[in-house]
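Counting from 1, the numbers follow the sequence of the chain as shown.
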Amino acid sequence: MAGAEAAEIVDSLAFYESELIKWQKVQNLVSRETLAEIWSRHFLDCLQLIPMIPIESRRLLDLGSGGGFPAIPLAIALKNRDLTVHMVESNGRKGSFLRQIVRELGLQAEVHTMRVEMLKPAEIGPIDVFTARAFASLSDICGYVEPLWQQKSVGLFQKGRGYSEEIEESLQKWRYTYSTVKSKTLKDAAIVQMYDLKSN
């Protein structure tokens, strides 16, 4: 990564941080306890997904984006890649916040203010990568993404303590292959990499 590109990413993340803190006063975007450690607890936690995103990916769909994690840091860091980040967030105020960040930073991203289950495959197009962080159980996530899943799709789902139990529970209803990568930023957390999703 060139120095100028890295500097632009840091500047964009700093702008995003300032907006998060500003909007936090009227809309709960992140846990108040983690507001002082946005870079380590949130930004770096999101950016660790980058090596797992296939280089040929063109559409990424983030479920329950909330304050924009992991979607916004990924859209910032991958701005020069031919990748569109789609964010699904049912809360109107949070959707407005996400749209402002996308507009201000000129990100290649779209915000869908609706419930995940209302997304129609024909409207959004084929999804290469699915992400979710602090959103729903793995079994529920499978239910949301299965209608949009295609043969080469990859799921990158950030899970906290108890992810092994979530995998075990979800495999009673769904079939998929997976691997887990221990989180670099959160103890006892992991990224569940999912492939070949099908219902049982």
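Note: Ile101 CD1 to Ile76 CD1 = 7.5 Å, rounded to the nearest 0.5 Å.
Residues passing the salt bridge (Lys or Arg N to Asp or Glu O under 4.0 Å) test with Glu8, sequence neighbours excluded: Lys79. For Phe130, the ring pair (Phe, Tyr, Trp, His ring centres under 6.0 Å) partners two or more places apart in sequence, or in a different chain, are Trp149. Annotation: salt bridge (Lys or Arg N to Asp or Glu O under 4.0 Å) contacts of Arg99 (sequence neighbours excluded): none. Partners of Glu123 by salt bridge (Lys or Arg N to Asp or Glu O under 4.0 Å), not counting sequence neighbours: none found.
Remark: the backbone N or O of Gly68 is not paired with any side-chain donor or acceptor of Ser65 at under 3.5 angstrom. A distance-only check finds no donor-acceptor pair linking the side chain of Glu89 to the backbone of Lys94 [under 3.5 Å].
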query: Given Phe157 and Phe135, is the ring pair (Phe, Tyr, Trp, His ring centres under 6.0 Å) satisfied, shown in steps?
result: CA-CA 9 Å; Phe157 305 124; Phe135 172 59; 9.4 Å; no
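Ser139 and Glu169 are not linked by any side-chain donor-acceptor pair at a separation below 3.5 angstrom, with hydrogens and angles left out of the test.
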Using atom types as modelled, flag every donor-acceptor pair under 3.5 Å from a side chain in residues 192-199 to any protein atom, sequence neighbours excluded.
unit_1 : atom_1 : unit_2 : atom_2 : d
Gln193 : OE1    : Ser179 : OG     : 2.9
Asp196 : OD2    : Thr177 : OG1    : 3.3

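The minimum heavy-atom distance between Cys46 and Leu74, with the atom names listed, is O-CD2, 3.6 Å. Phe69 and Leu20 make their closest contact through CZ-CD1, 3.7 Å (heavy atoms, listed as atom of the first residue, atom of the second, distance).
Listed by first and then second residue, the side-chain hydrogen bond (donor to acceptor under 3.5 Å, both in side chains) pairs involving residues 125-136 are His42-Arg133, Asp45-Arg133, Asp62-Thr131, Asp128-Gln150 (not counting sequence neighbours).
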